[in-house]
K.L.:
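Questions regarding the structure given below will be posed in turn.
Note that the coordinates shown come from a computational prediction; the quantities given were computed from them, not determined experimentally. Each chain gets a letter, A, B and so on, in the order its sequence line appears, and its residues count up from 1.
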Number of protein chains: 2
Amino acid sequence: MPMRPTTKDLAKAAGVSLATVDRVLNGRTGVREKTVKAVNEAIERIGFERNQVAATLARQRGYRFVFALPRSGDEFLEEIVDRIREFDKAGRAEMIEADVIRIDDHDPHRAARTLSRLSPEDLDGIAIMAPETPQIRDALHRMRERGIRTIPFVANQQEEGEEGFVGIENRAAGATAGRLMGRFLGGRSGSIVALTETTQSRDSLERRLGFDRIINRDYPDLRILPTLETHGDPGRAQHVLRNALKAHDDVVGLYFMGAEARVPIEVARVLNATEGRVTIAHERTPSTENALKDGTVDAVIHQDPGHLVRSAVRILRAKCENRTTLASQERIRTEILIAENI
Amino acid sequence: MPMRPTTKDLAKAAGVSLATVDRVLNGRTGVREKTVKAVNEAIERIGFERNQVAATLARQRGYRFVFALPRSGDEFLEEIVDRIREFDKAGRAEMIEADVIRIDDHDPHRAARTLSRLSPEDLDGIAIMAPETPQIRDALHRMRERGIRTIPFVANQQEEGEEGFVGIENRAAGATAGRLMGRFLGGRSGSIVALTETTQSRDSLERRLGFDRIINRDYPDLRILPTLETHGDPGRAQHVLRNALKAHDDVVGLYFMGAEARVPIEVARVLNATEGRVTIAHERTPSTENALKDGTVDAVIHQDPGHLVRSAVRILRAKCENRTTLASQERIRTEILIAENI
DNA sequence: CATTTTTTGAGGTACGTACCTCATTTTTGT
DNA sequence: ACAAAAATGAGGTACGTACCTCAAAAAATG
């Protein structure tokens, strides 16, 4: 068992004292540039790696991470919340806490204010799932300046400045749905109904783009109708779906693009709309799971909430410890679920 | 921040000394049943949870886990090995080591001897991927008696005694392949060629069972031919595949059940066998990935090697610390890969 | 009851890092 | 060259647990 070099070894190797090593390692002030470089050089030379176990123990307060999620929640969001709670429980032994705060997704100012109130005393990092508004972007920027690590979560923030996004690429997810739709239809021709809560959300937009790309390029006999919106309202959902089916007698496929597939699924059941048609939805939830099992839905495009949560924590923690993560390991997969591999 | 109770608090609550708490917590001998119960009762009462961070630090030697993998390796195995190495590197900061040893899968006695040589000094736990032979089973049993935690890895060991298996359920994986085959064929009728290295392996057997179940039940127009064996030999593979295609002019699908899809894929390319047919393989590897991209293979049934490795480590570690894991979180998913979600 | 055996307590050190204080040295500005 | 400021060193404590020794107490044995 090869003894790993400790801070003591590092101090000796760099020709400085333990105190200075500590200053450099933890980015404290009052160290000459020259000394910093000497220490860093020694780190490379002897291959020093901070013992995170000892470090966490020493800095009494472990890590505390917060997930900022929209208040208005769908089923999938609930799954995520459950996973966060689960992680929090399991993480206690590792001195890692994970909490949830809800932010007003309909009121960006209020949301930004909520974020502004968070201080580095309360948390070390935050994973944020929020619409991209200037207010939110600003709030995030200020948090980072206060020393809180941030990471976009599930809903992408365009901002290229910060690396590390936890979630799937929705274009690819839409393309996956498109390919399955095309293959499951096996050469049939006709129209496809695309349904979502609101076309305003970037997720839906990108999914639709990916979906379109595949269908239009590879399945010329299929035609995708303009996206229908439910606004989360079952009544409206039923209305628009019925109208669409009435207006087009050649509908062969249904694509539910939103995260809340529950409403479309229920409505489709009532209208008996999936019979003889291929139906594809997003995100595994109790609703979509049941629908897969009873055949209402043929495939579900999914991202694993447990992976989302754990990956976010790993990345945030790495940021806190100035480590890098293996991007390959943190990539969230776009999963395909059918009745057989649920 | 609610202070978590420490061993000191526990000692006070149980009315015993720190030394006794230590004895109970670490399962040492020389403690009266009555005392043990008193301590355990106090643990429940005050909600004591061992601080694993401090514990790992204190027991100098962190954890050392070994993956015992068959020597004769396919591409998928190489992926797994890469993930283990990756984990080992990343795990050093957490004081967790992960190593690989290769065992002779063709010589159970030699394999068993290799395992017998491992002592608790060398490792804390082992994840084993090996055929189920009495010799191996015995060796595992003896290891457990020596205090080494064991867990079957990817290849299931029937043995119901030990819980925790890391890998997918191959019946379900086969069923998934079957469903995709049926749907992708979209009502066409004909024969399906099933190919594997050897029908002796339980993995292949179970996959075939799952595959058959779906096809026979739901796709009466499809007929699965007797399983062909390659024994890993390209020449033989080409021979049996060509013969099958010659004997049956109605082959509409190919199912590569083994973990080494490289050979069948290459052979199929040479014979131009996939053109106009649906082809499904197992495990994502460079070969299957390329085949997906260029259309040689239509879908790949997969289990993520990174997840496999991390899950095995989590479970082994939990066993070492007498903790339980959330089975739901440790279940390895049977993934479906197509060109769009690779 | 005396003696052996078992059980328990008291106290210590160690793990590797964080974080603190204070003295001392080195550098900077004038 | 001098004072002021900045940089560094020396030494300490703490985190919560593991693991060790030795003495003392309690229980079991005859």
Side-chain angles (χ1 to χ4, degrees), chain A residues 1-39 42-43 46-63 92-96 124 320-323, chain B residues 1-39 42-43 46-63 92-96 120-121 124 320-323:
Chain A
M1 33 213 119
M3 266 293 274
R4 294 178 46 193
T6 72
T7 41
K8 220 178 269 184
D9 303 323
L10 178 55
K12 204 179 303 170
V16 299
S17 73
L18 258 174
T20 299
V21 162
D22 174 67
R23 291 183 181 109
V24 174
L25 244 44
N26 297 296
R28 307 187 206 290
T29 59
V31 186
R32 269 186 309 177
E33 194 56 38
K34 199 177 117 195
T35 316
V36 174
K37 252 180 47 191
V39 172
I43 290 179
I46 69 173
F48 170 83
E49 242 181 309
R50 188 198 311 239
N51 183 331
Q52 291 299 349
V53 175
T56 342
L57 180 60
R59 57 192 295 291
Q60 191 44 346
R61 186 171 69 99
Y63 287 107
R92 285 182 58 190
E94 313 279 332
M95 302 179 76
I96 299 183
D124 300 286
C320 288
E321 296 167 354
N322 295 316
R323 284 185 295 121
Chain B
M1 36 214 117
M3 266 294 274
R4 295 177 43 192
T6 71
T7 41
K8 220 178 268 183
D9 302 324
L10 178 54
K12 204 179 303 169
V16 300
S17 71
L18 259 173
T20 300
V21 162
D22 174 68
R23 290 180 183 113
V24 174
L25 245 45
N26 297 296
R28 310 187 203 289
T29 58
V31 186
R32 268 185 309 175
E33 194 58 38
K34 201 176 114 194
T35 316
V36 174
K37 251 179 47 189
V39 173
I43 290 179
I46 69 173
F48 170 83
E49 243 181 308
R50 190 198 309 238
N51 183 331
Q52 290 301 348
V53 175
T56 342
L57 180 60
R59 56 194 294 293
Q60 191 44 347
R61 187 171 68 101
Y63 286 107
R92 286 181 56 193
E94 314 278 334
M95 303 179 75
I96 299 183
E121 313 294 316
D124 300 285
C320 288
E321 296 168 354
N322 294 316
R323 285 185 294 121

K.L.:
Which nucleotide of DNA chain C is the first, and which the last, in the 5' to 3' direction, to come under 4.0 Å of a heavy atom belonging to chain B?
P.N.:
C/dT7 to C/dG16
K.L.:
Looking only at heavy atoms, what is the nearest atom pair of B/Val21 and B/Ala11, with distance?
P.N.:
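Distance-wise, the nearest heavy atoms are CG2-CA, 3.5 Å.
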K.L.:
To the nearest 0.5 Å, how far apart are CD in A/Glu49 and OG1 in A/Thr6?
P.N.:
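Atom-to-atom, A/Glu49:CD and A/Thr6:OG1 are 13.5 Å apart.
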K.L.:
If you compare all heavy atoms of A/Leu25 against all heavy atoms of A/Phe48, which two are closest, and at what distance to 0.1 Å?
P.N.:
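It is CD2-CE2, 3.8 Å.
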K.L.:
Could you pick out which residue, B/Val36 or B/Gln60, lies toward the 5' side of DNA chain C when each is mapped onto its nearest nucleotide?
P.N.:
B/Val36
K.L.:
If every non-hydrogen atom of B/Ala38 is compared with every non-hydrogen atom of B/Ala14, which pair is closest and at what distance?
P.N.:
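Taking B/Ala38 first and B/Ala14 second, the nearest heavy atoms are O-CB, 4.3 Å.
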K.L.:
Could you check which residues of residues 12-23 of chain B get a heavy atom under 4.0 Å from DNA chain C? Sort them by number, please.
P.N.:
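Per residue number, the list reads B/Gly15, B/Val16, B/Ser17, B/Ala19, B/Thr20, B/Arg23.
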K.L.:
Which heavy-atom pair separates B/Thr56 from B/Met95 by the least distance, and what is that distance?
P.N.:
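Residues B/Thr56 and B/Met95, closest heavy atoms: O-CE, 3.9 Å.
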K.L.:
Where each residue is assigned the nucleotide of DNA chain D containing its nearest heavy atom, which of B/Arg32 and B/Gln52 is assigned the position nearer the 5′ end?
P.N.:
B/Gln52
K.L.:
Without swapping roles, check the side chain of B/Arg23 against the backbone of B/Asn26 for a donor-acceptor pair under 3.5 Å.
P.N.:
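Looks like no, no N/O pair under 3.5 Å.
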K.L.:
If we call it a pair only when both distances are under 3.5 Å in a Watson-Crick or G-U wobble match, what pairs with C/dT3?
P.N.:
D/dA28
K.L.:
Find which nucleotide of DNA chain C each of A/Lys34 and A/Lys8 is nearest to by heavy atoms, and output the residue with the more 5' nucleotide.
P.N.:
A/Lys8
K.L.:
May I have the distance from A/Lys37 (atom NZ) to D/dA7 (atom C1'), rounded to whole angstrom?
P.N.:
17 Å
K.L.:
May I have the distance from B/Arg28 (atom CZ) to D/dT21 (atom P), rounded to whole angstrom?
P.N.:
12 Å
K.L.:
For the side chain of A/Arg50 and the backbone of A/Gln52, is there at least one donor-acceptor N/O pair under 3.5 Å apart?
P.N.:
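Checked: no pair found.
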K.L.:
If you look at every heavy atom in A/Leu10 and A/Ile46, which pair is closest and at what distance?
P.N.:
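Minimum heavy-atom contact is CA-CD1, 3.8 Å.
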